[in-house]
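Read through the structure below, which is laid out as structure tokens, and then see the notes.
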Amino acid sequence: MKRVVVTGMGAITPIGLGVDSYWESLKQGKIGFGPITKFDTTDYKAKLAAEVKDFNPKDYMDPKSARRMESFCQYAVAAAKEALEDAKLDMEQEDPYRVGCSIGSGIGSLDIFEKDHKKLLEKGPGRLNPLLIPLMISNMAAGNVSIQFGLKGKSINVVTACATGTHSIGEAFRTIQYGDADVMVAGGTESSITPVGIGGFTALTALSTEEDVNKCSLPFDKNRSGFVMGEGSGVVVLEELEHAQKRGAKIYAEVIGYGATSDAYHITSPAEDGMGAANAMLFALRDAGIAKEEITYINAHGTATHHNDLFETRAIKTAFGEHAGNIKVNSTKSMIGHLLGAAGAVEFIACVKQLTEGYIHQTVGYTTPDEELDLDYVKEPVRQEINYALSNSLGFGGHNASILIGKYSE
């Protein structure tokens, strides 16, 4: 098996455009929640979201290209641009068929679908946007990134709902491990703060209807009331170790393990015993060849829904036994909300930064312990050296993904 390292990162998030801004906001405990501005929420129970702010696609691509992309694609291209520049990858020096793309989106563009459905009803099929389908479908994030940067290797779009970002990075990791590519541009992207997106998740009773921005997203807290919709993109450059060394690339961390399972239980609820998520974590550890006791930090899926937080806690306790009490468990969603298909990718970036800087960010808003949730959920930031970071993502349909990164050493 070939070793795989992280050599570049890019992020478009509700609390910062670019990895540096995002990371500083995480350290400061900054929240990205506010009233939804994308449409009138008068008739909606959920009125808050974590929107990307001050994003101008022309800062990342030419105007013609931007017009042929919906927001989820624009975010992906912007994050990929930052990641590739960060990695200092010169495509003119690369075999483009050895550089691939694995960027997933859970939904694609609800926005263009809603707008054109309205046109269809009011004006007929002859008035539909000729680019409706390529603007809407979820694989166009990977397609547009590949086109923009000349990536001619494997190009895939993993769609596993809220586990999409982690699965996308995990499958890119496997691609390099097995020698199918030297470099993979990997991650997730999403922009679904739309009437149907908010209305649909509200109908599922998954969204918080809290109107106080400081109380709307409370992972693991007894007063949690559901998740807050977020948007954005996280993209990383994964690279085969020798390839990275030959070109003198800066190496942030090493991807060492990946586990994926299915609950085979329910379309929206995780398995109550947490066994699916527990086994995803255990598979990642087995893949890496490290002991449970070596894990001291987990970035949880941590959505702030009743079922997720309870069952994920059970999963961690099942996987790690008594050692679970020694593990710091935080939720990045406490600040950025739930980015759906992009969640695992931006959380992967948070893991890399925490690993390299020895700083574990707090779970913002966590104040009232729940009797059934008794792990260390990082009420305050912690400066602590960690050798490994395990990141979990759990998606509707029972999809579970865990990815494990470690400090790089030769």
Side-chain angles (χ1 to χ4, degrees), residues 102 104-107 138 156-171 173-174 188 190 192 200-201 203-207 219-220 224-227 229 257-288 292 295 298-321 323-324 327 329-333 337-345 347-348 351 370 372-375 377 390-404:
S102 174
S105 175
I107 298 177
S138 64
I156 57 174
N157 169 47
V158 177
V159 183
T160 50
C162 308
T164 293
T166 299
H167 275 128
S168 295
I169 294 172
E171 294 304 313
F173 166 58
R174 285 282 187 262
E190 206 80 82
S192 296
F201 278 106
L204 268 176
T205 66
L207 291 187
F220 303 109
R224 64 193 184 278
S225 59
F227 75 80
M229 183 85 82
Y258 169 49
T261 66
S262 172
D263 286 339
Y265 172 71
H266 190 274
I267 58 172
T268 58
S269 174
E272 295 185 14
D273 61 5
M275 285 303 296
N279 276 296
M281 289 184 270
L282 291 173
F283 290 169
L285 264 65
R286 185 178 68 186
D287 192 30
K292 298 176 185 180
I295 298 297
I298 295 174
N299 187 288
H301 190 55
T303 61
T305 62
H306 176 271
H307 281 12
N308 174 91
D309 294 3
L310 174 59
F311 301 156
E312 187 175 11
T313 295
R314 289 178 181 171
I316 292 169
K317 292 167 76 171
T318 296
F320 291 93
H323 178 63
I327 300 173
V329 180
N330 65 1
S331 173
T332 305
K333 293 180 181 71
H338 193 347
L339 274 60
L340 308 182
E347 290 158 11
F348 179 94
C351 284
D370 187 316
E372 294 187 85
L373 280 62
D374 55 357
L375 300 179
Y377 300 112
L390 181 65
S391 183
N392 291 336
S393 292
L394 319 175
F396 282 174
H399 306 285
N400 305 304
S402 294
I403 197 152
L404 180 59

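Both backbone and side-chain heavy atoms feed into the values below; hydrogens, waters and symmetry mates do not. The shown structure was predicted, so the numbers you read here are calculated from the model rather than taken from an experiment.
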- Item | Min side-chain heavy-atom separation Ile267-Phe396 under 4.5 Å | no
- CG on Leu390 to CD1 on Ile316, rounded to 0.5 Å: 8.5 Å
- Query: Is there a side-chain contact (heavy atoms from CB on, under 4.5 Å) between Ile295 and Leu404 once you walk through the steps?
  - Reply: CA-CA 10 Å; Ile295 298 297; Leu404 180 59; 3.7 Å; yes
- Note on the structure: Smallest heavy-atom separation, Leu282 atom then Lys292 atom, equals CD2-CE, 3.7 Å
- Message: Could you go through Thr303 and His338, starting from their C-alpha distance and side-chain angles, then the distance that decides it, and tell me whether this counts as side-chain hydrogen bond (donor to acceptor under 3.5 Å, both in side chains)?
- Response: CA-CA 7 Å; Thr303 61; His338 193 347; over 6 Å; no
- Message: Less than 4.0 angstrom from a charged side-chain N to a carboxylate O is my criterion; do Arg314 and Asp273 meet it?
- Response: no
- Item | Tyr258-Phe283 aromatic ring centre distance below 6.0 Å | no
- Task: Return yes if some donor-acceptor pair links the side-chain N/O of Glu171 with the main-chain N/O of Ser102 below 3.5 Å, else return no.
- Result: no
- Message: If only side-chain N and O atoms count, and only distance matters, is there a donor-acceptor pair under 3.5 Å linking Ser105 with Ser138?
- Response: no
- Here the gap from Thr164 atom OG1 to Ile169 atom CD1, rounded to the nearest 0.5 Å, amounts to 11.0 Å
- Query: Which atom pair, heavy atoms only, marks the closest approach of Asp370 to Arg224?
  - Reply: OD2-NH1, 3.1 Å
- Report the distance from atom OG1 of Thr261 to atom CG of Leu394, rounding to the nearest 0.5 Å. 8.5 Å
- Item | Contact summary for Gly276 and Asp263, nearest pair of heavy atoms | CA-OD1, 3.2 Å
- Scan side-chain atoms only and decide if Ser402 and Asn392 contain a donor-acceptor pair under the 3.5 Å cut-off. yes
- Query: Nearest 0.5 Å, what's the NE2-OG1 distance between His307 and Thr205?
  - Reply: 8.5 Å
- Just do the side-chain contact (heavy atoms from CB on, under 4.5 Å) check on Ile298 and Leu375 with the steps written out, would you? CA-CA 11 Å; Ile298 295 174; Leu375 300 179; over 6 Å; no
- Between Lys333 (side chain) and Phe227 (backbone), is there a donor-acceptor pair under 3.5 Å? no
- Query: Can you name the nearest heavy-atom pair linking Asn308 to Pro270, along with the distance?
  - Reply: CA-CG, 4.2 Å
- Message: I'd like to know if the side chain of Glu347 and the backbone of His301 have a donor-acceptor N/O pair within less than 3.5 Å.
- Response: no
- Considering all heavy atoms of both residues, which atom of Ser192 and which atom of Leu340 are nearest to each other, and what is their separation? CB-CD1, 4.2 Å
- What is the distance from atom OH of Tyr377 to atom OG of Ser331, rounded to the nearest 0.5 Å? 11.0 Å
- Task: Apply side-chain hydrogen bond (donor to acceptor under 3.5 Å, both in side chains) to the pair Ser262 and Asn400, showing each step before the final yes or no.
- Result: CA-CA 6 Å; Ser262 172; Asn400 305 304; over 6 Å; no
- Spatial distance of atom OG1 (Thr318) from atom CG (Asn279) [nearest 0.5 Å]: 9.5 Å
- Under 3.5 Å donor-acceptor, Asp309 side chain and Phe220 backbone: yes
- For Asp287 and Arg174, what are the C-alpha separation, side-chain angles and deciding distance, and is it a salt bridge (Lys or Arg N to Asp or Glu O under 4.0 Å)? CA-CA 11 Å; Asp287 192 30; Arg174 285 282 187 262; 3.0 Å; yes
- Nearest non-hydrogen partners of Ala278 and Ala315, listed with the distance: CB-O, 3.5 Å
